[in-house]
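Report on one structure; see the data block that follows.
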Amino acid sequence: MKYRELPWKRNFKKASPSIMSQLSALKGEVFHVGVTKTLTAAEISATPLKLLKIGSTAGSVSETIPSEDMGPYSDRNRNGWQVVRRDLPKIKKSFYWETPNFGDAATYGTHLHESKREVFQREIHEARSYSISTHVLRTDPSGGIVVHLRIKEDLDKSSAKLGDELLFMLNLLQENCGAIGVVSSDTPIAEYIKTIALDWEIFPPGNAGEVAERLLRGRASSAAARGKIEERIRLFAKLTPLAYLRGSGGFGSYIGAKYADDLVVFENVQYGNALYLLYDDWEQVSKRSRIDLLHGTDKKFDRLPHRDGWEDAFEKILRREKRKRGLK
């Protein structure tokens, strides 16, 4: 991807000593990546800052998921990324593709092919979808507009993944406003834990309309979103799930189905570009955070991007996995 030109340095390889010093000086465990910057009206109305929709009067607020062409971290934030782990042993994976029947798909349709081969393990990182919020604190007589910009996602100093997420957020903020910093958060630790815990609500099986109603209850949704959810439920129902799943709290865009304690499928329908089939203990799955959900490599899960034939591939994999477990 060709990224747009920026009037500032785009990225950092690591958090600077200055940032780490700021972090150690913060009181409390919870903080966020943010900075206060004085801008002019001309800067705010010109690209690239224009993309953040910053207001020009005191009290103005905005929230924007950065454009993917601002840099590699903005791209990853919207689209996710993969890391090929050449340092790990290869694993066997199935690959699926559609082939025309008798060389004429228009007349005779297609059929699904499967091929197994050894490949390097991959780390799959879902799109973070972090937004940048802006708050105009004041306007100065000289024409300066004082704006607080922050990544709208808190961090915990004690997190095992602090280094990676901190660097990601710093680079995301740098790409989009050319300045970085860390600021203490007023979020109580108990509330912070709620925002990162991807707990699941469990619903019994039923017809597509009934299940969709349960999954959507209490949530604002468009006709398109409801249609997508009903479509997924009909797909899941073909393989007779034990229960349907919905992410709770701020993660209501996650839906899925449970077929066994170690066979769960799910998808983020808001940014639904792939379905995940997870072969792991359900008790462990249910306790993971959104970022930890697929942490590690793809040895224990399959990712099905929404390409032609992915629904058939899903059914084929599920039937195979259910047979392995002695399930009908």
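Just so it is clear, the structure is predicted and the values come from calculations on it, not from any experiment. Worth knowing before you read on, the calculation uses all heavy atoms, side chains too, and leaves out hydrogens, waters and symmetry mates. Start at 1 with the first residue, then count along the sequence.
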Whether the side chain of K299 engages the backbone of Q121 through a donor-acceptor N/O pair (distance < 3.5 Å, no angle test) should be reported. no
Atom pair CG (L235) and CG (L275), whose distance is rounded to the nearest 0.5 Å: 7.0 Å
For K53, is there any backbone N or O sitting under 3.5 Å from a side-chain donor or acceptor partner on S62? yes
Nearest 0.5 Å, please: how far is OG in S24 from CG in L26? 8.0 Å
Does a side-chain heavy-atom distance below 4.5 Å link S67 with M70? yes
Minimal heavy-atom distance between P66 and N176, with the atoms involved, is CB-OD1, 3.2 Å
F266 side chain near L294 side chain, heavy-atom distance below 4.5 Å: yes
Is V183 linked to I180 within one hydrophobic cluster, defined over Ile, Leu, Val, Met, Phe, Trp and Tyr using a side-chain heavy-atom separation of less than 4.5 Å? no
At what distance, to the nearest 0.5 angstrom, does OG of S185 lie from CD of E29? 12.0 Å
Passing candidate, side-chain hydrogen bond (donor to acceptor under 3.5 Å, both in side chains) with Y130, options R78, K152, E165, E153: E165
Are S142 and D140 linked by a side-chain donor-acceptor pair shorter than 3.5 Å? no
Taking S159 for the side chain and K161 for the main chain, is one N or O donor matched with an acceptor at less than 3.5 Å? yes
Would you check if there is a donor-acceptor pair between the side chains of T57 and S60 at a distance under 3.5 Å? yes
Beyond-backbone contact of D69 with K2, side-chain heavy atoms, under 4.5 angstrom: no
Close side-chain approach of I151 and L172, heavy atoms under 4.5 Å: yes
Determine whether L6 and L173 fall in the same hydrophobic cluster, where Ile, Leu, Val, Met, Phe, Trp and Tyr are linked whenever their side-chain heavy atoms lie under 4.5 Å apart. yes
Whether K157 side chain and L23 backbone form a donor-acceptor pair below 3.5 Å: yes
Residues I124, Y276; criterion side chain to side chain contact (heavy atoms under 4.5 Å, CB included); working and verdict: CA-CA 10 Å; I124 307 296; Y276 292 91; 3.6 Å; yes
Are V84 and I91 in one and the same hydrophobic cluster, where Ile, Leu, Val, Met, Phe, Trp and Tyr link if side-chain heavy atoms are under 4.5 Å apart? no
Given 3.5 Å as the limit, does a donor-acceptor pair link the side chain of R325 with the main chain of D262, or not? yes
Would a hydrophobic clustering, with Ile, Leu, Val, Met, Phe, Trp and Tyr connected at side-chain separations under 4.5 Å, put M20 with F168? yes
Working note: V35 + V182, criterion side chain to side chain contact (heavy atoms under 4.5 Å, CB included); need CA distance, chi angles, decisive distance, verdict. CA-CA 7 Å; V35 67; V182 292; over 6 Å; no
To the nearest 0.5 Å, what is the distance between CZ on R4 and CZ on R10? 9.5 Å
Quick check: does any side chain N or O of K9 sit under 3.5 Å from a backbone N or O of G178, one acting as donor and the other as acceptor? no
Please examine the side chains of I202 and K258, heavy atoms only from C-beta on, and report whether any two atoms are closer than 4.5 Å. no
Give a yes or no on whether the ring-centroid distance for Y279 and F301 is below 6.0 angstrom. no
Decide, yes or no, whether a salt bridge links R246 with E201 under the criterion of side-chain N to carboxylate O below 4.0 Å. yes
Taking every heavy atom of A179 against every heavy atom of K37, the minimum-distance pair comes out as CB-CD, 4.1 Å
For V211 against P205, the heavy-atom pair lying closest together: CG2-C, 4.3 Å
With a distance cut-off below 6.0 Å to the six-membered ring centre and an angular limit of 45° from the axis, does K90 pair with F120 as a cation-pi contact? yes
Assign the ring pair H125 / W81 to parallel, tilted or perpendicular, where the plane angle (0 to 90°) is split at 30° and 60°. parallel
For residues N11 and P72, report the shortest heavy-atom separation together with the two atoms involved. OD1-CG, 3.3 Å
Determine whether the aromatic ring centres of residues W200 and Y244 are separated by less than 6.0 angstrom. no
Contact check, side chains of V264 and W282, non-hydrogen atoms, under 4.5 Å: yes
Would you give the length of the straight line joining atom CG of L166 to atom CG of N171, rounded to the nearest 0.5 angstrom? 9.5 Å
Who else is in the cluster with L137 when I, L, V, M, F, W and Y are joined by side-chain contacts under 4.5 Å? V146
Rounded to the nearest 0.5 Å, how far apart are CH2 of W8 and SG of C177? 6.5 Å
When every non-hydrogen atom of A274 is compared with those of P305, the smallest separation belongs to CB-CA, 3.9 Å
Count I, L, V, M, F, W, Y as connected when their side-chain heavy atoms are under 4.5 Å apart, and connections chain through other members. Are L242 and F203 then in the same cluster? no
Checking the side chain of R214 only, and the main-chain atoms of P204 only, is there a donor and an acceptor separated by less than 3.5 Å? yes
Please determine if K316 forms a cation-pi arrangement with W310, meaning its NZ or CZ atom is less than 6.0 Å from the six-membered ring centre and no more than 45° off the ring axis. no
Is there side-chain contact between D261 and E283, with heavy atoms separated by less than 4.5 Å? no
To check you understand the geometry: which heavy-atom pair defines the closest contact between Y73 and E175, and what is its length? N-OE2, 3.0 Å
Hey, are T297 and E123 close enough side-chain-wise for a donor-acceptor pair under 3.5 Å? no
Is K324 paired with E321 through a side-chain N to carboxylate O contact shorter than 4.0 Å? yes
Which donor-acceptor pairs under 3.5 Å do side chains of residues 43-52 form with protein atoms, sequence neighbours excluded?
unit_1	atom_1	unit_2	atom_2	d
E43	OE1	T40	N	2.9
S45	OG	A41	O	3.1
S45	OG	A42	O	3.2

For residues S94 and R117, is any side-chain donor paired with an opposing acceptor at under 3.5 Å? no
State, without any angle test, whether N268 and E126 hold a side-chain donor-acceptor pair at a distance under 3.5 Å. no
I want to check something: taking the side chain as every heavy atom from C-beta on, are D302 and I317 in contact at a cut-off of under 4.5 Å? yes
